[in-house]
Amino acid sequence: MEDVPENAPEHCPGTQSEQAGKSASCQGCPNQKLCASGDTKAPDPAIAEIGVKLSTVKHKILVLSGKGGVGKSTFSAHLAHALASDGTKEVALLDVDICGPSIPRIMGLEGEQVHQSGSGWSPVYVDDNLAVMSIGFLLSSPDDAVIWRGPKKNGMIKQFLRDVDWGELDYLIVDTPPGTSDEHLSVIQYLSSTHVDGAVIITTPQEVSLQDVRKEIRFCQKVKLPIIGVVENMSGFVCPKCKNMSQIFPPTSGGAEQMCANLKLPLLGKVPLDPRIARSCDEGKSLFSEIPDSPAAEVYRQIVQSIQDYCSNRVTEEQSTT
């Protein structure tokens with residue numbers, strides 16, 4: 001996480017480790033005396049600041065997957081679009097994929113810039129009730145590479161959560177990169193003083209994807225992050241003309257359905273593979289406006305309704321225990 005300073009030597013044990021400032025690798029490090037003093041083990045004050053900042057956000061949903069290329073950003077974007085289709089709801093989408101920010105393109109916001117105000121960074125708006133923040137807005141070109149080590153990426157995530165003027169929100173959706181490393185740990189750490197409803201796990205049907213997704217599920221269990229459910233993306237190809245379905249990615253081990261049965265997790269839905277979804281993302285448009293009557297759009301609506309029901313039930317359960 002953010003406990004390895006940028007100027008630390010190789011094999012740094014981390015500032016939170018019991019060996020901080022004491023191990024052989026600490027010799028000659030400019031931070032050795034500070035680490036040995038124990039002062040670095042104090043909680044990051046940003047955690048409390050973020051708790052205050054996000055106290056006006058009712059629901060926080062993380063979109064995760066251990067595998068890349070399964071459609072996390074596509075799902076995150078359309079979850080945001082669907083929630084914001086209710087004009088009475090305030091929705092925000094935060095892209096913490098620091099090295100591969102695709103949300104600006106998918107949301108039709110490429111070329112937009114973030115502005116600073118007295119209350120922090122102002123997010124970019126798709127609609128009056130749909131805000132977006134991504135490092136993509138801070139780059140001079142969408143082709144620029146972000147070549148950062150973990151501490152710098154984690155510092156940016158901290159800024160997104162603490163310094164963006166989110167205002168009052170009904171839903172904050174956090175789109176994450178694949179894996180279970182720096183960015184994920186940082187998000188969990190920085191949100192630890194707030195209420196996080198849970199995570200939606202995205203997979204595709206084939207075992208090569210499910211293998212990594214099971215690791216993500218274990219990650220959620222270890223950090224005590226509730227799992228709202230699993231979405232199987234690219235679940236069969238529906239021909240736009242004849243409506244027949246073909247399995248492009250065969251579920252050789254039973255797909256997400258079998259995995260969810262084995263792990264006792266809810267399967268929120270199976271989104272069919274539709275090339276029009278990819279086209280709408282490339283063009284920065286919502287599939288709900290481009291192909292509202294498609295099988296994929298219908299499945300999305302059912303999934304979104306399940307997520308809304310889950311969030312409402314969690315609020316009811318918490319109120320009943322207080």
Side-chain angles (χ1 to χ4, degrees), residues 2 44-63 72-146 148 152-177 183 186-187 189-191 193-197 281 283-286 289:
E2 201 175 357
D44 188 335
I47 295 174
E49 294 168 3
I50 289 168
V52 173
K53 187 79 171 185
L54 299 184
S55 62
T56 56
V57 179
K58 293 179 183 176
H59 300 292
K60 304 168 195 71
I61 300 168
L62 274 58
V63 179
K72 289 182 303 301
S73 296
T74 298
F75 179 83
S76 298
H78 286 97
L79 174 59
H81 277 302
L83 293 171
S85 64
D86 179 349
T88 66
K89 302 297 183 185
E90 296 292 331
V91 180
L93 174 57
L94 171 60
D95 179 9
V96 298
D97 191 342
I98 303 300
C99 294
S102 54
I103 287 297
R105 178 63 179 258
I106 294 174
M107 300 300 285
L109 297 173
E110 256 189 352
E112 296 289 341
Q113 294 183 333
V114 172
H115 299 286
Q116 187 85 24
S117 69
S119 52
W121 284 348
S122 298
V124 178
Y125 283 83
V126 180
D127 293 307
D128 290 342
N129 67 329
L130 178 52
V132 180
M133 178 56 76
S134 170
I135 194 174
F137 299 138
L138 306 178
L139 304 177
S140 58
S141 164
D143 297 330
D144 284 352
V146 179
W148 289 356
K152 196 165 184 180
K153 289 193 289 185
N154 298 333
M156 179 57 67
I157 292 170
K158 181 197 295 187
Q159 280 192 275
F160 281 156
L161 292 170
R162 183 189 60 192
D163 299 339
V164 173
D165 182 17
W166 295 111
E168 294 190 6
L169 294 175
D170 292 286
Y171 294 95
L172 173 63
I173 300 154
V174 182
D175 179 40
T176 67
E183 293 93 332
S186 288
V187 170
Q189 179 192 28
Y190 292 134
L191 292 179
S193 63
T194 73
H195 163 85
V196 178
D197 290 81
C281 290
E283 295 174 354
K285 299 175 182 177
S286 166
S289 61

Check: residues 98-110 side-chain donor-acceptor pairs under 3.5 Å, at least two apart:
{"unit_1": "Ser102", "atom_1": "OG", "unit_2": "Ser73", "atom_2": "OG", "d": "3.3"}
{"unit_1": "Arg105", "atom_1": "NE", "unit_2": "Asp282", "atom_2": "O", "d": "2.7"}
{"unit_1": "Arg105", "atom_1": "NH2", "unit_2": "Asp282", "atom_2": "O", "d": "3.2"}

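Contact annotation: the side chain of Pro177 never approaches that of Lys72 to less than 4.5 Å [non-hydrogen atoms, C-beta and beyond]. You'll find the side chain of Glu183 reaches within 4.5 Å of the side chain of Ile157, heavy atoms only.
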Might you work through the side chain to side chain contact (heavy atoms under 4.5 Å, CB included) test for Leu54 and Trp166, ending with a clear yes or no?
CA-CA 8 Å; Leu54 299 184; Trp166 295 111; 3.7 Å; yes
List the steps and the verdict of side chain to side chain contact (heavy atoms under 4.5 Å, CB included) for Asp197 and Tyr171.
CA-CA 10 Å; Asp197 290 81; Tyr171 294 95; over 6 Å; no
Could you go step by step and tell me if His78 and Cys281 meet the side chain to side chain contact (heavy atoms under 4.5 Å, CB included) rule?
CA-CA 9 Å; His78 286 97; Cys281 290; 3.9 Å; yes
I'd like to know whether Val114 forms a side chain to side chain contact (heavy atoms under 4.5 Å, CB included) with Leu138, so could you lay out the CA-CA distance, the side-chain angles of the two residues, the decisive distance to 0.1 Å, and finally the verdict.
CA-CA 7 Å; Val114 172; Leu138 306 178; 4.0 Å; yes
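Asp86 places no side-chain N or O within 3.5 Å of a backbone atom of Leu83 that could act as its donor or acceptor partner.
With values rounded to the nearest 0.5 angstrom, Ser134 atom OG is found 8.5 Å from Leu93 atom CG. Rounding to the nearest 0.5 Å places CG of Leu130 at 15.0 Å from NZ of Lys89. Note that CG of Asp97 and NZ of Lys153 are 9.0 Å apart. Values are rounded to the nearest 0.5 Å. With rounding to the nearest 0.5 angstrom, the CE atom of Met133 is 10.5 Å from the CG atom of Asp95. Summarising the geometry, atom CZ belonging to Phe137 is positioned 10.5 Å from atom NE2 belonging to His115; distances are rounded to the nearest 0.5 Å.
Summarising the local packing, CD of Gln116 is surrounded by more than 12 heavy atoms from other residues, nucleotides or ligands at distances under 6.0 Å.
Shortest non-hydrogen contact noted between His81 and Val126 is CE1-CG1, 4.3 Å. Of all the heavy atoms in Lys53 and Leu161, the pair that sits closest is CG-O, 3.7 Å.
Of the charged side-chain nitrogens involved, at least one lies within less than 4.0 Å of a carboxylate oxygen, so that Lys158 and Asp44 count as a salt-bridged pair.
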